[in-house]
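Below you'll find the structure, written out as structure tokens, and then a few comments.
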2 protein chains.
Amino acid sequence: MEGRISADLLRGHTDTIVLGILLKNDAYGYQIYKSIMDRTDGLYQLKEATLYSSYKRLEKEACIVAYWGDESQGGRRKYYRITDKGRVQYKQNIADWEFTQRILNRLLKEEDD
Amino acid sequence: MEGRISADLLRGHTDTIVLGILLKNDAYGYQIYKSIMDRTDGLYQLKEATLYSSYKRLEKEACIVAYWGDESQGGRRKYYRITDKGRVQYKQNIADWEFTQRILNRLLKEEDD
DNA sequence: ATAAAATACTATGACAGACAAAGTAATTAT
DNA sequence: ATAATTACTTTGTCTGTCATAGTATTTTAT
């Protein structure tokens, strides 16, 4: 195990991960990026560009809203806040994911043909 | 839950699913397709074309080899057999997958920031 | 016997999410 | 003063999946 996670194994989860982080607190883009890096010990090396396209997608779907932070103390920071729709979407994604895991386990671990 | 699995949540797993099926017995393309449909009660509606591109990929990587079945009883059937390399790859994929699940659970279910 | 459906395989083009690479600009550390 | 880090963004490429379509044989229904 070389400590890298293939993008394809997590494809489709990026939005859910972002929503999950925003459930707790608003956060700005780079903060979310760093948070994921930290919490996975750098094993999931997703790229900033991937996150930014996720933000754009989630905004378009009205799952998050963006606002500029107070620029007086430090550089510009674009914060994101989860919306009610985003909360619903998050729950749905988690449910879909758990369902998918069951199906996948059925495919990968069953004995009979 | 409307009974459909989004392609993106299983993207990257197709090859592993195919290898997993071939672990037990050789099988021909359409048989593998039907097997997946049956074993998931049609909930995972992956397309034949997706499987055929998986076969092509796996052949190219020497994880499977193809041979034509006995055409005397019925139409042409292209069988696939898993290779030693394919078996190794399968185990690696499963390990990667379990590892990825841990990381994903860490991202989606942890409390602290 | 004939038509319809299922079996079985294949090719082509489009789509979308992730990535690579690069860039801008401010702040902080050396 | 310089380098490193923070912070955000854009453009083009890659790849797995899907939509669509097609060919041909075999089985089932009428």
Side-chain angles (χ1 to χ4, degrees), chain A residues 4-19 26-38 40 42 44-61 63-64 66-80 93 97 100 104, chain B residues 4-19 26-38 42 44-61 63-64 66-80 93 96-97 100 104:
Chain A
R4 307 254 163 121
I5 292 183
S6 125
D8 273 336
L9 291 185
L10 281 177
R11 180 182 259 243
H13 294 285
T14 309
D15 293 4
T16 310
I17 291 167
V18 169
L19 290 175
D26 293 6
Y28 56 93
Y30 193 68
Q31 184 184 10
I32 293 172
Y33 171 70
K34 281 293 176 189
S35 169
I36 293 171
M37 290 302 104
D38 288 353
T40 59
Y44 176 29
Q45 310 193 312
L46 97 167
K47 297 307 178 306
E48 275 192 88
T50 303
L51 278 175
Y52 281 99
S53 58
S54 173
Y55 302 151
K56 200 175 275 183
R57 201 161 44 235
L58 288 168
E59 264 195 286
K60 204 165 137 193
E61 296 163 354
C63 288
I64 62 175
Y67 59 95
W68 288 102
D70 182 5
E71 301 195 29
S72 60
Q73 96 285 15
R76 62 183 183 156
R77 288 173 171 178
K78 195 180 200 174
Y79 282 84
Y80 296 100
N93 289 359
W97 170 230
T100 300
L104 191 54
Chain B
R4 306 249 165 127
I5 293 183
S6 129
D8 273 337
L9 292 185
L10 281 178
R11 179 181 259 241
H13 293 286
T14 308
D15 293 4
T16 311
I17 291 167
V18 169
L19 290 176
D26 292 7
Y28 57 92
Y30 193 68
Q31 183 184 11
I32 292 172
Y33 172 69
K34 281 293 175 191
S35 168
I36 293 172
M37 291 302 105
D38 289 352
Y44 176 27
Q45 310 192 313
L46 97 165
K47 298 305 179 303
E48 275 192 87
T50 305
L51 279 175
Y52 282 99
S53 59
S54 173
Y55 303 152
K56 200 176 274 184
R57 201 162 43 237
L58 288 168
E59 264 196 284
K60 205 165 136 191
E61 295 163 354
C63 288
I64 62 175
Y67 59 95
W68 287 101
D70 182 5
E71 299 196 31
S72 59
Q73 95 287 18
R76 62 182 184 156
R77 288 173 170 176
K78 195 180 197 175
Y79 283 84
Y80 297 100
N93 289 359
D96 287 351
W97 170 230
T100 299
L104 191 54

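Values in this document were obtained by computation on a predicted structure and should not be read as measured data. Below, all heavy atoms of this structure are taken into account, side chains as well, without hydrogens, waters or symmetry copies.
- Between the CD atom of A:Gln45 and the P atom of C:dC19 there is a distance of 10 Å, given to the nearest Å.
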Polar-atom pairs under 3.5 Å, protein N or O versus N or O of nucleotides 6-8 of chain C: list them with distances, or write none.
from, atom 1, to, atom 2, distance (Å)
C:dT7, OP2, B:Tyr30, OH, 3.1
C:dT7, OP2, B:Lys34, NZ, 3.2
C:dA8, OP1, B:Tyr28, OH, 3.2
C:dA8, OP1, B:Arg77, NE, 2.8
C:dA8, OP1, B:Arg77, NH2, 2.3
C:dA8, OP2, B:Tyr28, OH, 2.9
C:dA8, O3', B:Arg76, O, 3.3

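- Distances shown here put every side-chain N or O of A:Lys56 at or beyond 4.0 Å from the OP1 or OP2 atom of C:dG17.
- Atoms OH (A:Tyr80) and C1' (D:dC8) sit 8 Å apart, rounded to a whole Å.
- With sequence neighbours excluded, no residue satisfies side-chain hydrogen bond (donor to acceptor under 3.5 Å, both in side chains) with A:Thr40.
- In this structure, CH2 of A:Trp68 is placed 6 Å from C1' of D:dC8, rounded to the nearest angstrom.
- For the pair A:Leu9 CG and D:dT15 P, the computed distance is 16 Å after rounding to whole Å.
- Partners of B:Thr100 according to the side-chain hydrogen bond (donor to acceptor under 3.5 Å, both in side chains) rule, which considers only residues two or more places apart in sequence or in another chain, do not exist here.
- Atom pair B:Glu59:CD and C:dC9:P shows a separation of 12 Å (rounding to whole Å applied).
- Checking the phosphate oxygens (OP1, OP2) of D:dT17, a side-chain nitrogen or oxygen of B:Thr14 falls inside 4.0 Å.
- Residues that satisfy the side chain to side chain contact (heavy atoms under 4.5 Å, CB included) test with B:Ala66, not counting sequence neighbours, are B:Glu59, B:Lys78, B:Tyr80.
- At the phosphate of C:dC19, OP1 or OP2 sits under 4.0 Å from a side-chain N or O atom of A:Thr50.
- As a whole-Å value, the separation of A:Leu58 CG from C:dA18 P is 10 Å.
- The side-chain hydrogen bond (donor to acceptor under 3.5 Å, both in side chains) test applied to B:Tyr33 returns no partner, not counting sequence neighbours.
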Please write out each protein N/O paired with an N/O of nucleotides 13-16 of chain C under 3.5 Å, distance rounded to 0.1 Å.
none

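- Whole-Å rounding puts the A:Ile36 CD1 to D:dT6 P distance at 15 Å.
- Not a single side chain to side chain contact (heavy atoms under 4.5 Å, CB included) links B:Lys56 to another residue, sequence neighbours left out.
- Listed by chain and residue number, nothing satisfies the side-chain hydrogen bond (donor to acceptor under 3.5 Å, both in side chains) test with A:Tyr30 (two or more places apart in sequence, or in another chain).
- In this structure, the side chain to side chain contact (heavy atoms under 4.5 Å, CB included) partners of A:Ser53, at least two apart in sequence or on a different chain, are A:Arg57.
- The distance between atom CG of B:Asp15 and atom P of D:dG16, rounded to the nearest whole Å, is 7 Å.
- Residues A:Asp26 and A:Gln31 share a closest heavy-atom pair of O-OE1, 4.5 Å.
- Not one side-chain nitrogen or oxygen of A:Lys47 sits closer than 4.0 Å to the OP1 or OP2 atom of C:dA21.
- Between A:Tyr79 and A:Tyr28, the ring-plane angle classifies as perpendicular under the 30° and 60° cut-offs.
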